[in-house]
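The block underneath contains the structure these notes are about, expressed in structure tokens.
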Amino acid sequence: MDSGDQKRGGERERVPPAEVRGVRADAREADADERAVIADAREADADAREVTADKRKVNADLREVVADARAVEADAREVDADARQLLADVRQADAASQARHVEERMRAADERAVAAELRLAEANVHMQAAKEHLIAAAKQTATAEHRTEDAERLMSFADEQLVVAATKLAEATSDSEEYQRALFHYTQLVRHRMANPLQVIVGAAATLRARTDLPIDEHLALLDVIVKEAVVLERICLAPKIMNPSEDTLDPTPTLSGLASTAAPGGSSRP
């Protein structure tokens, strides 16, 4: 053995016993952990097997439930068959009573047929009355149609009269407007012309009333002036004429449409 091996052997011999024990304890602990893992794995496998067993048990219970359901269905079918058989027996037993009911229904049907014949006869009577009412209604309808035609003719005549009345109303409205216009022009024309004659008449009359001691010739002269101016006023009021170029736009005489277009019987015009 060389010096190096001897040196390592000496170092091993110098390792403390406590460290050796700690290493052995760690090894044992690791071994215990490994065994615990193996035990856990086995326990998990056991749990899986238990779950599989539970599933198989559930499947078995389910199959048993299905078998019970099929048995119940078979019982239900058997009960249904028994019920049908019982119904057939009841129907067979009721056949005789149904035959009696049919006979009774036939008698009732005969009675209803007789009643129907009576109702048919009454309906024929009502039909004949309805035909008579229909003929009367047709006559009334014809009369109403004639009256309607008369009413339409009257309405047409009334419409024509309404048109004539509307035309006359329009003419009257136009004539009224023309009268108003002529009156306004007449007022404008005679207003300032009446001022001078009125002033002369009023002055002469006032003088005669105030001067009772006037000589007879002056008294007569004032009366002549009053008469003369009164004649002027009469001419202005009854027959106004345009006497000044400023009055050319005035037309005191109304122009009526009825006078120009319509003549009354006898050759006279209607205003």
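This structure is a prediction, so every number in the text was calculated from the model and none was measured. All heavy atoms count here, side chains included; hydrogens, waters and symmetry mates do not.
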*Got a second to check how far K55's NZ is from L62's CG, nearest 0.5 Å?*
14.0 Å
*Are D213 and R211 side-chain neighbours, meaning at least one heavy-atom pair lies under 4.5 Å?*
yes
*With rounding to the nearest 0.5 Å, note down the distance linking CD in E152 to CD in E145.*
10.5 Å
*Please report the closest heavy-atom contact between A204 and L222, naming both atoms and the distance.*
CB-O, 4.0 Å
*Spell out, yes or no, whether L198 and L223 are grouped together once hydrophobic residues are joined by side-chain heavy atoms under 4.5 Å, including indirect joins.*
yes
_Presence of salt bridge, D224 and K228, under 4.0 angstrom_ = no
*asked:* Return the CD to CD1 distance between E229 and I201, rounded to the nearest 0.5 Å.
replied: 6.0 Å
*NZ/NE/NH1/NH2 to OD/OE distance under 4.0 Å, R107 and E111*: no
*Return the minimal non-hydrogen interatomic distance between I226 and A205, and the atom names on each side.*
CD1-N, 3.8 Å
*What distance separates R84 CZ from L86 CG, expressed to the nearest 0.5 Å?*
13.0 Å
*Starting at NE2 of H146, measure out to OG1 of T141 and round the result to the nearest 0.5 Å.*
11.0 Å
*T207 vs L214, side-chain contact (heavy atoms from CB on, under 4.5 Å): CA-CA, chis, key distance, verdict*: CA-CA 9 Å; T207 302; L214 286 175; 4.1 Å; yes
*Check step by step if side-chain contact (heavy atoms from CB on, under 4.5 Å) holds for R35 and D33.*
CA-CA 5 Å; R35 291 178 181 178; D33 293 337; over 6 Å; no
*Got a second to check how far R21's CZ is from R28's CZ, nearest 0.5 Å?*
10.5 Å
*asked:* If you apply the rule side-chain contact (heavy atoms from CB on, under 4.5 Å), what do you find for E50 with D47, and how did you get there?
replied: CA-CA 5 Å; E50 186 176 357; D47 292 337; 4.1 Å; yes
*Single-linkage hydrophobic cluster, 4.5 Å side-chain cutoff, L208 and I216 together*: yes
*Evaluate whether atom CD of E34 has more than 12 neighbouring non-hydrogen atoms of other residues, nucleotides or ligands under 6.0 angstrom away.*
no
*Between the side chain of N124 and the main-chain N/O of L120, is any donor-acceptor distance below 3.5 Å?*
yes
*Before accepting this row, confirm whether a basic side-chain N of the pair D45/R49 lies closer than 4.0 Å to the acidic partner's carboxylate O.*
yes
